[in-house]
Every structure is written in C-alpha cells, then in structure tokens.
Chemist: 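Next up is a structure, given as structure tokens.
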Amino acid sequence: MRKDWILDIVIALSAIFIFALMMLFLPTVLPAAFGYVAAFLVFVLYLTLVGLFVIKRFVGETPQKKVKN
C-alpha cells in the first residue's frame with residue numbers, strides 16, 4: 001500500500017499555515033497591498049520549492065523490477 005498521500009497532506013497543511021501567518025503579519029510590516037502580494041508570493045515560492053524537492057527526491061526512486069530468467 002502506498003503512503004505518498006501523507007507527504008502531500010503535510011505539504012498542503014504547512015503551506016496553508018505559512019500562508020495564513022504571512023497574511024496576518026506581512027500587512028502589519030509592509031503597506032497593506034504589498035503585504036498581501038508578498039504573502040501570496042511567499043506561498044507560491046514555498047509550494048514551488050517543496051514541489052521541486054519532492055520531485056527530485058522521490059519520483060526517480062521507484063524500485064527496479066527484478067528480471068526473472
């Protein structure tokens with residue numbers, strides 16, 4: 001049984017958590033419009049980098065089928 005979906009759920013929940021934090025705190029540091037845009041860009045950048053990491057780390061590592069003679 002494959003458990004790949006667990007990693008996807010962890011990534012999604014962490015991305016939503018980071019996005020929520022950025023939406024709350026960046027508009028207080030930056031002007032409101034720039035804070036919201038920066039929060040969105042951080043969210044997209046996080047998902048992109050984590051997606052590239054998962055692809056690089058896990059997609060190419062499928063077990064090789066043994067050849068039966």
Side-chain angles (χ1 to χ4, degrees):
M1 184 173 175
R2 296 183 63 178
K3 304 270 183 185
D4 297 340
W5 58 273
I6 296 173
L7 182 61
D8 292 337
I9 290 174
V10 169
I11 291 170
L13 291 177
S14 65
I16 291 170
F17 180 72
I18 289 172
F19 184 59
L21 284 178
M22 293 294 122
M23 288 291 286
L24 289 174
F25 293 117
L26 278 180
T28 60
V29 176
L30 301 171
F34 294 119
Y36 293 126
V37 170
F40 179 72
L41 291 177
V42 168
F43 174 71
V44 170
L45 183 66
Y46 176 77
L47 283 179
T48 302
L49 293 177
V50 171
L52 289 174
F53 171 75
V54 168
I55 289 172
K56 187 181 259 188
R57 178 97 188 234
F58 296 109
V59 171
E61 293 186 5
T62 56
Q64 299 295 328
K65 294 182 180 179
K66 293 184 179 179
V67 177
K68 294 181 181 179
N69 291 330

Chemist: Is there a path of hydrophobic side-chain contacts, each under 4.5 Å between heavy atoms of I/L/V/M/F/W/Y residues, joining Ile18 to Leu7?
Modeler: yes

Chemist: Is it the case that one hydrophobic cluster holds both Leu13 and Ile6, taking links as side-chain heavy atoms less than 4.5 Å apart, direct or via other members?
Modeler: yes

Chemist: To check you understand the geometry: which heavy-atom pair defines the closest contact between Ile16 and Phe43, and what is its length?
Modeler: N-CE1, 4.4 Å

Chemist: What heavy-atom pair brings Ser14 and Tyr46 nearest, and what distance separates the two atoms?
Modeler: OG-OH, 2.7 Å

Chemist: For residues Val42 and Phe25: do they belong to one hydrophobic cluster (side chain heavy atoms under 4.5 Å, members Ile, Leu, Val, Met, Phe, Trp, Tyr)?
Modeler: no

Chemist: Rounded at 0.5 Å granularity, tell me how far CZ in Phe40 sits from CG in Leu26.
Modeler: 14.0 Å

Chemist: So, for Met22 and Pro27, which heavy atoms are closest and what is the spacing to 0.1 Å?
Modeler: O-CD, 3.5 Å

Chemist: Is Leu47 reachable from Val54 through a run of I, L, V, M, F, W or Y residues, each pair having side-chain heavy atoms under 4.5 Å apart?
Modeler: yes

Chemist: Rounded to the nearest 0.5 Å, what's the gap from CZ on Phe19 to CG on Leu24? Could you check?
Modeler: 10.0 Å

Chemist: Once you round to the nearest 0.5 Å, how far does OG1 of Thr48 lie from CG of Leu52?
Modeler: 6.5 Å

